[in-house]
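Have a look at the structure below, then the notes.
Start at 1 and go down the list; that is how both ligands and their atoms are numbered.
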Amino acid sequence: MSHDSRSKDSELPPGEGLRRGLTSYGDTDFSLFLRTAFIKGAGYTGDALSRPVIGIAATGSGFNPCHGNMPQLLEAVRRGVMLSGGLPVEFPTISIHESFAHPTSMFLRNLMSMDTEEMIRAQPMDAVVLVGGCDKTVPAQLMGAASAGVPAIQLVTGSMLTGSHDGTRVGACTDCRRYWARYRAGEIDEAEIGRVNDQLVASVGTCSVMGTASTMACVAEALGMALPGSASPPAVTADRMRVAERSGATAVALARSRLAPAGIVTAKSVENALRVLLAIGGSTNGIVHLTAIAGRLGIPVDLARLDELGRETPVLVDLKPSGQGYMEDFHHAGGVPALLRELKPLLHLDAMTVTGRTLGEEIEASGPGFPQQAIRPLANPVFAQGGIAVLRGNLAPGGAIIKQSAADAKLMRHEGRAVVFENAADLAARIDRDDLDVAADDILVLKNIGPKGAPGMPEAGYLPIPKKLARAGVKDMVRISDGRMSGTAAGTIVLHATPEAALGGPLAWVRTGDRIRLDVPARALVLMVGEDELARRRAEHPVTPPTAERGYLKLFLDTVTQADQGVDFDFLRAAGR
Ligand code: FES
């Protein structure tokens with residue numbers, strides 16, 4: 001048995017690999033000696049320890065079925081790292097699933113980003129593979145990696161398969177909401193909704209429509225932080241495992257080239273990602289997350305610019321909730337590379353990617369494409385403008401957004417009477433009461449579900465149609481809040497009204513009976529109440545922002561920013577570049 005305490009010639013400059021970020025004992029040689037001794041306890045040789053160290057941020061959890069393929073992915077990433085001469089070392093971070101996080105997953109996104117950032121910084125890795133998938137995990141990982149400044153590559157877990165209910169193809173979670181709305185309206189019974197429940201999530205993986213998880217997978221790829229073609233392979237496919245292996249290999253190349261997120265995420269790549277988000281009919285949450293990721297590198301995402309991009313970027317991807325298909329269809333049609341080919345005239349082709357090649361070079365390398373149905377050409381879009389429009393007016397001086405591609409075209413210009421709910425509890429208590437004074441052309445307003453209000457800006461902006469109207473056949477109404485909605489939801493829903501009601505934003509002063517005008521083509525959201533009357537209401541009922549005594553809730557309430565700043569903590573954003 002050889003005594004293998006000396007490393008083979010390192011493939012990295014001195015001070016890297018296991019020598020990175022030594023624990024402080026006042027004697028650096030001793031720190032390295034001790035670290036080496038401990039890891040040899042796990043059976044490593046000096047040869048293994050001399051390799052580039054590739055951290056793998058693992059987010060498997062029994063509470064996270066969207067990450068249920070994590071063991072197989074980790075094995076494939078390790079294989080890719082080792083085939084390329086690196087040493088893979090897994091480490092855990094927080095995992096967040098949408099349906100298993102109270103009060104809402106968004107409350108925990110920044111905590112996961114801090115965990116990711118600090119664990120990347122604290123542990124000796126030359127590059128890191130970020131393995132995530134469910135809605136908040138990919139943004140949290142990219143935010144953390146951007147701040148940590150270590151070369152990083154995103155690997156998503158991939159979408160779930162679709163199921164079948166009585167011959168109809170179904171998938172989470174647009175169909176979850178569709179069937180639940182039918183159940184609330186009395187169109188289907190208890191037994192049928194139970195059978196639907198068995199079919200909506202047909203395998204492990206992320207939601208099968210263009211919800212937030214799929215949106216962020218496409219955004220990560222467009223941003224250059226994930227491999228070309230890596231966003232769309234479903235979770236349980238061989239394609240997904242090959243992407244994982246290649247991501248491991250690419251991480252070793254990144255460790256050698258030292259290409260860090262700041263060299264990839266630039267104003268140009270952020271704009272490319274916004275274009276893709278608009279062209280896929282992506283989740284409104286993607287705007288908030290991309291703003292937070294860019295904010296970690298001092299890159300502002302301007303809502304006025306977003307609206308400009310929206311006016312000239314059509315929706316090309318025909319997936320629910322804006323269109324018809326599912327992520328499997330998008331993958332079979334060629335995925336993001338095929339979409340980028342269509343969007344090419346609108347993109348910054350010199351933006352860098354994790355491969356070390358530019359986006360333009362990757363588009364060239366992806367070949368000419370083939371006939372398919374899921375990704376339309378620019379000349380024949382699913383929706384002529386981008387999926388998301390930015391609204392302004394005295395009800396949202398800091399902006400609000402609407403996913404117009406998933407809204408009722410008849411409600412794009414609408415004036416109506418406000419029916420106001422003060423908070424989520426008030427909504428739950430009254431929305432289904434038979435004596436609720438509400439008509440189909442009213443506008444439902446929900447206050448206090450913004451970043452500080454709920455707290456955590458829950459996806460409660462998708463207010464249900466009041467039961468008595470649902471039973472009468474009403475399918476859509478204008479709904480306004482300072483909250484978010486699931487990327488899988490559809491309807492005429494105005495979100496992210498900024499500043500939020502809990503901070504004394506104008507939404508706080510709306511009363512039932514006020515008139516509101518929504519004009520999406522004119523990008524206007526107007527509370528038709530005079531300034532004198534609003535000033536009187538403000539003086540009569542001043543707002544006290546929520547606070548907490550201790551813990552993470554205190555940190556959250558004291559430092560969280562508004563939607564237009566990405567709902568990140570103010571102290572985590574970088575100064576402008
Ligand atoms: Fe995880 Fe939808 S719940 S992606």
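- Legend: protein N/O/S atoms lying under 2.8 Å from atom 1 (Fe) of ligand 1, waters omitted, number 2.
- At a threshold of 4.5 Å between non-hydrogen side-chain atoms, the residues I388 and L277 count as touching.
- Centroid-to-centroid, the aromatic rings of F107 and H102 stay 6.0 Å apart or farther.
- No option in R484, K136, R109 other than K136 meets the salt bridge (charged side-chain N to carboxylate O under 4.0 Å, His left out) test with E98.
- Counting heavy atoms from C-beta on, the side chains of R341 and S366 come closer than 4.5 Å.
- Judged by distance alone, with hydrogens and angles left aside, the side-chain atoms of S269 form a donor-acceptor pair with the main-chain N or O of I264 at under 3.5 Å.
- The residues D175 and K320 are annotated as salt-bridged, a charged nitrogen and a carboxylate oxygen being separated by less than 4.0 angstrom.
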